[in-house]
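Read through the structure below, which is laid out as structure tokens, and then see the notes.
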Amino acid sequence: MTSSTRHRQMAFVIDLNKCIGCQGCTIACKRLWTTAPGLEAAYWMNVETVPGRGYPRDWAGRGGGFDKGRPKPGREPTPEEYGIPFEFDYSARLFSGKRDRGRPRAAADWAPNWEEDQGAGAYPNTYFFYLPRMCNHCDRPACAEACEAGAIRKRPEDGLVLLDPDRCDGSRACVAACPYAKTFFDAAKAKAHKCHGCFPRLEAGLAPACVAQCTGRAMHVGFLDDGAASVHKLVRQWGVALPLMDGFGTGPNVFYIPPFIGPAVEGPDGTAGAAARIPDNYLASLFGPDVRTALRVLRAERRKRGRGEPSELMDLLIGRDARALLGHLQPHPSR
Ligand code: SF4
Ligand code: SF4
């Protein structure tokens, strides 16, 4: 890489109105990158129900990231917080006719998606939505700053944050430093690991597996400085795609379209009120105060479209042409 290399940033936009929680992205990623023994509980991509405690449990309260520009101490999640994998004896159950379903832990009380679809609120005004989470390929990656071995770097050509296992000394500093709990530790190899943005696919002109596999066509990918890319339009032009918990100070490059389609609050007599059931205050706790403006813009454009008027924003989000969500990338290798 020469000093004249143009610094670019690959970004992701996830439309929370279209995510159906199918976990297709989770499994596409898992099957490609974290199938080695010992990595059962590691999900570079996971989809959690919010409001909820998330994966790993209570990840948002562990510290990490920056406070007033200075690294903030963080804590590595425990194995129980990730969730001890359930052992399912497939061969006994499927091929030996045994009724035993495996050996669950005696007192299992947590696992990824333990509280799926629970959400919050009181009937009839309960609510939840799905939140896909992956490494944010941050502008200022706390994982990289914490790594004294210099094993993590942000590469200039696409802004991906990559971890070199050969340089990793197993200190786990990056695991404690990432405020999003998206750096993991492989105890069998004594090495850290993390999402690398599917760079081998990107270098072959293919979209990351999570994006290509997304059932809901909820994910967009592309360069933030590419005026033709939907990520540029949604983040820079329309300002309706926002980072998750930006207060950690790392500058995330995964952005979210907040949920603006959904039921209204219901009164005691069953009539719908004016307010959305998902409280704006809750969305502001995830996506910051700008979410109120974003919601206003999204709702206004939706009303326009409902009146039969043109709306570039709604067309972008509907994504009738799945290829348009992928920028310059292809979904699958050509046969
Ligand atoms: S989300 Fe965490 S692991 Fe990913 S770049 Fe940011 S600090 Fe590093
Ligand atoms: S594949 Fe798409 S729709 Fe399914 S859980 Fe992932 S982001 Fe949501």
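Remember, it's 1-based here, ligands and their atoms both numbered in the order they're listed. No hydrogens, no waters, no symmetry mates; every other heavy atom, side chains included, goes into these values.
Taking a 6.0 Å sphere around CZ of R307, one finds it holds more than 12 heavy atoms contributed by other residues, nucleotides or ligands. Within a 6.0 Å radius of CD in E203, other residues, nucleotides and ligands contribute more than 12 heavy atoms.
In terms of heavy atoms, P208 sits closest to L202 at CD-CD2, 3.9 Å. For the pair A11 and V231, the tightest heavy-atom approach, listed with the atom from each and the gap, is O-CG1, 3.7 Å.
In this pair, W110 and W114 present their aromatic rings tilted. The plane angle is within the 30 to 60° band. Between H196 and W33, the two ring planes are perpendicular [angle over 60°; tilted spans 30° to 60°]. Note on ring orientation: taking the six-membered ring where Trp is involved, the planes of Y180 and F248 are perpendicular (angle over 60°, cut-offs 30° and 60°). Ring geometry for Y82 against F184 counts as tilted: the plane angle lies between 30° and 60°, on a 0 to 90° scale.
Here atom 4 (Fe) of ligand 2 has protein N, O or S atoms under 2.8 Å from it, and they come to 1.
Within 4.0 Å of ligand 1, heavy atoms belong to protein residues C135, N136, H137, C138, P141, A142, C143, V161, C178, Y180, K182, T183, K194.
Annotation: cation-pi pair R299/F260 absent, no NZ/CZ under 6.0 Å from the ring centroid and within 45° of its normal.
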